Amino acid sequence: MGSAPITCAATAITYGVPISTLPIHEIIPTLRTQLASREAVVLSAPPGSGKTTVAPLALLGEPWLAGKNILMLEPRRLAARLAAGFMARQMGEEVGKTVGYRVRFEAKVSPATKVEVVTEGVLTRRMQDDPELAGVGLVIFDEFHERSLQADLALALCLDVMTGLRDDLKLLVMSATLDTEAVSRLLNNAPVVLGTGRSYPVGVEYCPGAPPAQPQPREIAKQVAAAIHKGLTEQPGDILAFLPGAAEIRHTQALLTAGLPPGEIAIHPLYGDLSLTAQTAAVQPDPKGRRRIILATPIAETSVTIEGIHTVVDSGWKRSPQFDPNSGLSRLTTQRISHASATQRAGRAGRRGPGHCYRLWSMGEDHGLKPFDPPEIMSADLSQMVLDLARWGVHKPDGLRWLDPPPAGHFAQAQSVLLTLGALDRQGHITPLGKKMAELPTHPRLGHMLLGAAKHNATDLACDLAALLSERDIIKGRERSADIEDRIHALAAFRTDGPAAARALEADTDGCRRVAQTSRQLREHLPKPARPKGNDKAAPAANAGELLALAFPDRIGQRRNEGRGQYKLTSGRGAVLPAHDRLAGQEYLAVAELDAGRIEGRIFLAAPLAREAITSLFDARLQREEKVFWEEQSGTVKGQRLLRLDELVLETAPLAKPSAEAVLTALLSGIRTLGLGALPWNDKARELQARIICMQGWQPEAGWPEVSDASLLETLEQWLAPYLTGMRSAEHLKKLDLFAILAAKLDWQQQSRLEREAPTHLTVPSGSKVRLRYTPGEPPVLAVRLQEMFGLADTPRVCNNTVPVLLHLLSPAQRPMQITQDLRGFWEGAYHEVKKELRGRYPKHHWPDDPWQAQPTSRIKPRK
DNA sequence: CTCTCCCT
């Protein structure tokens, strides 16, 4: 068996409420009286309570609604159609009479319609066109606990309308969870009406697996497969398992097929990217009556209901996108689910009878779960919403009353994207172009592309691209390329040669159908292309890359030379293609879809782009720059003329005459990278440096200049720059006379003081001029033959007689015999020992018993 | 080791 054994906690809790007959009817009278006197009411009732279909019809005859309609908001098209159909049947009517619906691509409404069920996008669009919501007396928000971006926006817009334009508009916010306090507060302390649901008890069993550190797909799959095996033996009926994503589903499926007898049990993956046929198969009962295991993403939490589920296995993880305002990109992350989500998942086992739920964590960890999922507004790309708000006249996150205001950073990022696209001005106000973009039923980036395409004679292609990017990828399969041309070809094949031709190109035919439909709708929103008049020549048609560049001007990729498939984006960020992708050889890409990743982004959809196309498309945004820099390799200052698009360098050319100032700056930075040793130091210059540093140490208050290596390196501009005129290479630097340059840091007075107080030589009793050696922080060293010092009592001093030198007293052969700063002490003491040794080694020299009276001599040869 | 879900 391909899965690990599993041990389960003996604890089991049960929740759920007893079955009763639609308890929602019991609270209808309360709902009526509350809504009659208040502008808003919150209705909280669990799934299965019937609130979606009961509440609108029950309120239809209210006097305050006379002559006005109900608008009900649903998060999904299917739910809108089902709810309208159910209500129409209740009234014994066709859909589109008293009860109708309006979703994208489809409307069933008539002048007789009193209840109109709409999806979220329809409502925000309608409010933009008709802010007063003329003829509407009540807006119902269904499934508000899902807290979609659009529902949050619609609620904020409704509240705005109610404060000014429409004091007779009422709201009913319906939610399946009990987190109603915040909504109630936002709606001026609206009353909360509580209903009960109708569901069966679900026994919950905790089966802790490995501790929940960072989840590995294989590890999650192993635990889920083990729990499924346990469920197969302990529980009857079908099993629904919740996993974070496709990778975990694949692994679990592999483990199960390896561990189960073939053919007896049907295993179905279920996730949004799957073909419609595969999804339908997963949702329906098995045609051969076999037991079923459904391996699903959170799609099965709300969007899809599966009949006959008795057992749920909950991994406790989900994958969701997190917007990163720094990069302006989203990344998918695997996270723990919320408590509300865990309850919702368990509830999926109790729709038709008592059920059972295995949770792959411990009961103790329940407390670590967040009570609710954060609303979408906290983690989404806000550019479309910010454009809608600008059109509404709102330019700041706090311009409306929100349940959770949009995060300021995300809001600002959206504004900056919209500014780049020309939809907003610097104040965040909408431009005429922005208004046109907001009227198109698509993301502002794609709207920008659609509107720009006419000029490039490519409106049809732009519609297809916008449709492709609005819907799920039509090419499935793990080996697919990121090249968007593949999708364009498949779509063309689908249109001209039918579904089989599309399938031959590995495209999903339902997907092609959806994309074609979306493309057609977008085309209808755009003006008909003007026929070229007389001898006007039509502009050459733009290709996919050029069009995508209009939508994603901040995501142009340039190949890096580090490895195949590595790109740098206009923002400076890195992004990679799989190395096997055929696009990977392209020098430039227009990137449409990518995941922010941790360090580097991952490119999922892109098109090749010619450099000439970039320069002509972004002419106004190109930066022409002259760059003068130190080239380490050649050790010279180089000048280049650059053509840049933000962080990308599109062209370089040598710069004939760089400005002297720029050359100097580059040369100085070159010296800084090479270090001070790159300058032509000689002993004389180093000695001068040491003498100045010594003087500064001995006379800290006397104003000696800072000339240590560190401070010289820091202050190159001040002391060295004036001597660098005309120089531009390491070779040129060799001509510098550092001694003279350093000396020039001293004024005349300091120079003569230096000669006096830190002299290069001292005259010793023999008459010789002997060199002093200076080392910063130490006394200067006078190395002199002992014989030359006869007769001198006191150690010579420098620095205005304050610093005794360190004497290295040498033998005639320059061997150090004694090191001392106390000459008098030496003559009186140690000399007499040294003398004996010297007499032995140098018998022909004169080694007097009385050095005080002896004649100093500089003669090297001994006396005859 | 290729990516959750949904909407105009």
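Source: prediction; values computed, not measured. Just so we're on the same page: letters track the sequence lines, and every chain starts at 1.
Within the 4.0 angstrom heavy-atom criterion, base atoms lie near Pro321(A).
Arg472(A) has a side-chain polar atom (N or O) that falls below the 4.0 Å cut-off from OP1 or OP2 of dC5(B). When the side-chain nitrogen and oxygen atoms of Thr297(A) are compared with OP1 and OP2 of dC5(B), one or more of them lie within a distance under 4.0 Å. Proximity of Ser303(A) to the phosphate of dC6(B): a side-chain N or O atom is located under 4.0 Å from OP1 or OP2. Look at Ser470(A) and you won't find any side-chain N or O under 4.0 angstrom from OP1 or OP2 of dC7(B). For Arg250(A), no side-chain nitrogen or oxygen approaches OP1 or OP2 of dT2(B) to under 4.0 Å. Between Arg125(A) and dT8(B) there is no side-chain polar atom (N or O) within less than 4.0 angstrom of OP1 or OP2.
Using a 4.0 Å cut-off between charged side-chain N and carboxylate O, Arg391(A) and Glu439(A) make a salt bridge. Checked for salt-bridge contact, Asp404(A) and Arg147(A) meet the test: a charged N lies under 4.0 Å from a carboxylate O.
Distance CZ (Arg520(A)) to P (dT8(B)): 16 Å, rounded to an integer number of Å. Taking atom CG of residue Leu153(A) and atom P of nucleotide dC7(B), one finds them 16 Å apart after rounding to whole Å. The separation between Gln279(A) atom CD and dC6(B) atom P is 8 Å, rounded to whole Å.
Residues that satisfy the side chain to side chain contact (heavy atoms under 4.5 Å, CB included) test with Glu146(A), not counting sequence neighbours, are Pro75(A), Arg76(A), Glu143(A), Thr302(A).
Of the residues near DNA chain B, Arg76(A) and Ala246(A), the one whose nearest nucleotide (by heavy atom distance) lies more toward the 5' end is Ala246(A).
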List, one per line, each side-chain donor-acceptor pair under 3.5 Å for residues 267-275 of chain A, sequence neighbours excluded.
from: Asp273(A); atom 1: OD1; to: Lys476(A); atom 2: NZ; distance (Å): 3.3
from: Ser275(A); atom 1: OG; to: Ala278(A); atom 2: N; distance (Å): 3.2

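Between the side chain of Arg104(A) and the base of dT8(B) there is no donor-acceptor pair of N/O atoms closer than 3.5 Å.
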